[in-house]
Amino acid sequence: QSALTQPPSASGSPGQSVTISCTGTSSDVGGYIYVSWYQQHPGKAPKLMIFEVNKRPSGVPGRFSGSKSGNTASLTVSGLQPEDEADYYCHSYAGSNTWVFGGGTKLTVL
Amino acid sequence: EVQLVESGGGLVQPGGSLRLSCAASGFTFSSYDMHWVRQLPGKGLEWVSGLGTIGDTYYSDSVRGRFTSSREDAKDSLSLQLNSLRAGDTAVYYCVRGSYCRSGHCYPVGAFDVWGQGTMVTVSS
């Protein structure tokens, strides 16, 4: 159950797009469609942004999108807004009813 | 309003025990998988334990054999018993809602969509 690999930081200017990667193995990200992404602002609980690779819960803006290729999943935030500045975590099913998170990426809106 | 409220955190010595509770409201608790997720200070998220709707339990390698999770559907509540605590268990512990399950089928899988505010556990002498 090793943590998924995310870049520690990412940044972009308002209106730009930024993509955060999440690399696992064939035993987690590569083996299942059950990849989710969470947004966490300082001092707050995480919020579900994407599930099952590319599905958005109701209320999540359409500028958040997810994808997956092989063992790597990605979260893209288009049209960056100041309120998008937060930590982002990927999350994947790892088999046998266990789950694994990524180490997190701090997104800075310049 | 759908809500999860954790309690029971605190300061405990290494080797000690603690019991965390989570009170659910605003949804049919018995129909959902539930999970415990922790966040070490200044660090990322770590899945700790999952509980299915039939009482089946699952644990991460780091806590298996030391932590025990349980649910009491009649009281819409979840518990996590923490034993043999170590300094590395110091974290905020979140109660989290997972999949909706009906007739043996659960969906959406992996969408941890409702989180409590968390309760802090500090293991220190």
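All chains are named by letter (A, B, ...) in the order of the sequence lines, taking the proteins before the strands, and each is independently numbered beginning at 1. From a predicted model like this one, the values you see are computed outputs, not experimental measurements.
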* **Residue Val92(B) versus chain A: region with a heavy atom under 4.5 Å** => neither

* Toward chain B, the part of Ser96(A) with a non-hydrogen atom under 4.5 Å -> backbone

* Okay, side chain of Thr72(A), backbone of Ser69(A): is any donor-acceptor separation there less than 3.5 Å? -> no

* Between Asn71(A) and Thr25(A): side-chain donor-acceptor atoms closer than 3.5 Å -> no

* Examine whether an atom of Tyr89(A) lies under 4.5 Å from a heavy atom of chain B, and if so say whether it belongs to the side chain, the backbone or both; otherwise answer neither. => side chain

* Is it the backbone or the side chain of Lys44(A) that comes under 4.5 Å from a heavy atom of chain B, or both, or neither? -> backbone

* With a 4.5 angstrom heavy-atom cut-off, could you sort out which part of Gln40(A) is near chain B: side chain, backbone, both or neither? => side chain

* Can you tell if the side chain of Glu6(B) reaches within under 4.5 Å of the side chain of Tyr93(B), non-hydrogen atoms only? -> no

* **Heavy-atom proximity to chain B below 4.5 Å, by part of Pro57(A)** => neither

* **Distance (rounded to the nearest 0.5 Å) between Thr105(A) OG1 and Leu107(A) CG** => 8.5 Å

* Asked: Does any heavy atom of chain B fall under 4.5 Å from the side chain of Tyr38(A), the backbone, both, or neither of them?
  -> side chain

* **Closest non-hydrogen atom pair between Asp113(B) and Arg97(B), with its separation** => OD2-NH2, 2.7 Å

* Examine the side chains of His91(A) and Trp99(A) and answer whether a donor and an acceptor come within less than 3.5 Å of each other. => no

* Asked: Does any heavy atom of chain A fall under 4.5 Å from the side chain of Tyr94(B), the backbone, both, or neither of them?
  -> side chain

